[in-house]
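Here is the naming used below: chain letters follow the sequence lines, and residue numbers restart at 1 for every chain.
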Amino acid sequence: GDSVTQMEGPVTLSEEAFLTINCTYTATGYPSLFWYVQYPGEGLQLLLKATKADDKGSNKGFEATYRKETTSFHLEKGSVQVSDSAVYFCALRWGKLIFGQGTELSVKP
Amino acid sequence: EPEVTQTPSHQVTQMGQEVILRCVPISNHLYFYWYRQILGQKVEFLVSFYNNEISEKSEIFDDQFSVERPDGSNFTLKIRSTKLEDSAMYFCASSELDLNTGELFFGEGSRLTVL
């Protein structure tokens, strides 16, 4: 069945470092791809999305490009802040929304 | 900004007891979902609901689980006889459309602890 695989966490970075969180997917159809973020003690919030191949989603300095050839949707940010510390979930939607296992990011000052 | 609200935020119950988790989806949304997240694990799909019917359910959603939209605003998840392994964070979500491009809006979750 459809699935999403993310890189293992936790990821610990210093402020202003470059961030990459890898995400790959397996799908039988043509899903849309999403990144959701969960800040401590809060629910899941949409960070960005891409609905077709080669689309780039971006928000709050984060971006991810839908790569059909590599079935990937890696999340990147050029300069992370302490406030970016959270758990990041990659997800695909083909019918229901299916999540990866989540990657915890900790940014130190 | 419209939001999905869930109650209670935390419930502790004894094994074998019935639990009802409540959700108020965004008012103009028509599609409703429940997900759960066991501590340290991935967020898992339980069930989707539209037009007063279950659209899809996962293997997790067995006969112990049921969902209901008792009125025009609430969407509930009932666990008939809780087990220790039901301990998890339960997230309600809603969406305006059932398109693959559509975003699901999530509540902050209800943490269920079964003792």
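Of the two parts of A:Gln38, only the side chain, counted from C-beta on, holds a non-hydrogen atom closer than 4.5 Å to a non-hydrogen atom of chain B. Residue contact with chain B, scored on non-hydrogen atoms closer than 4.5 Å, involves the side chain of A:Lys49 exclusively. Looking at A:Val4, only its backbone comes within 4.5 Å of chain B, counting heavy atoms on both sides. Only the side chain of B:Glu56 comes within less than 4.5 Å of a heavy atom of chain A; its backbone N, CA, C and O stay farther away. Using a 4.5 Å cut-off between heavy atoms, B:Ser58 makes no contact with chain A at all.
Counting heavy-atom pairs closer than 4.5 Å to chain B, the top-ranked of the candidates A:Glu104, A:Gln6, A:Lys52, A:Lys96 is A:Lys96. Looking only at heavy-atom pairs under 4.5 Å with chain A, the residue among B:Ser55, B:Ala93, B:Ser48, B:Gly102 that has the most is B:Gly102. For the options B:Tyr33, B:Phe91, B:Phe105, B:Phe106, heavy-atom pairs under 4.5 Å to chain A are most numerous at B:Phe106. Each of A:Gly41, A:Gly95, A:Ala50, A:Gly29 has some count of heavy-atom pairs under 4.5 Å with chain B, and the biggest count is that of A:Gly95. If you tally non-hydrogen atom pairs under 4.5 Å between each of B:Arg111, B:Met89, B:Gln37, B:Gln41 and chain A, the highest count goes to B:Gln37.
Under the 4.5 Å side-chain heavy-atom criterion for grouping Ile, Leu, Val, Met, Phe, Trp and Tyr, A:Phe73 is connected to A:Ile21 within one hydrophobic cluster. Hydrophobic clustering places B:Leu77 together with B:Ile54 (ILVMFWY residues linked when any side-chain heavy atoms are closer than 4.5 Å, directly or through intermediates).
For the side-chain contact (heavy atoms from CB on, under 4.5 Å) test with A:Lys108, the passing option among A:Val82, A:Thr12, A:Leu13 is A:Thr12; the others fail.
Looking at heavy atoms from C-beta onward, B:Cys92 lies in side-chain contact with B:Gln6 at the 4.5 angstrom threshold.
Using a 30° and 60° split on the angle between ring planes, B:Tyr31 and B:Tyr50 fall in the parallel class, below 30°. By the 30° and 60° cut-offs, the orientation of the rings of B:Tyr35 relative to A:Phe99 is perpendicular.
For CD of B:Glu53, the number of neighbouring non-hydrogen atoms (other residues, nucleotides, ligands) closer than 6.0 Å is 12 at most.
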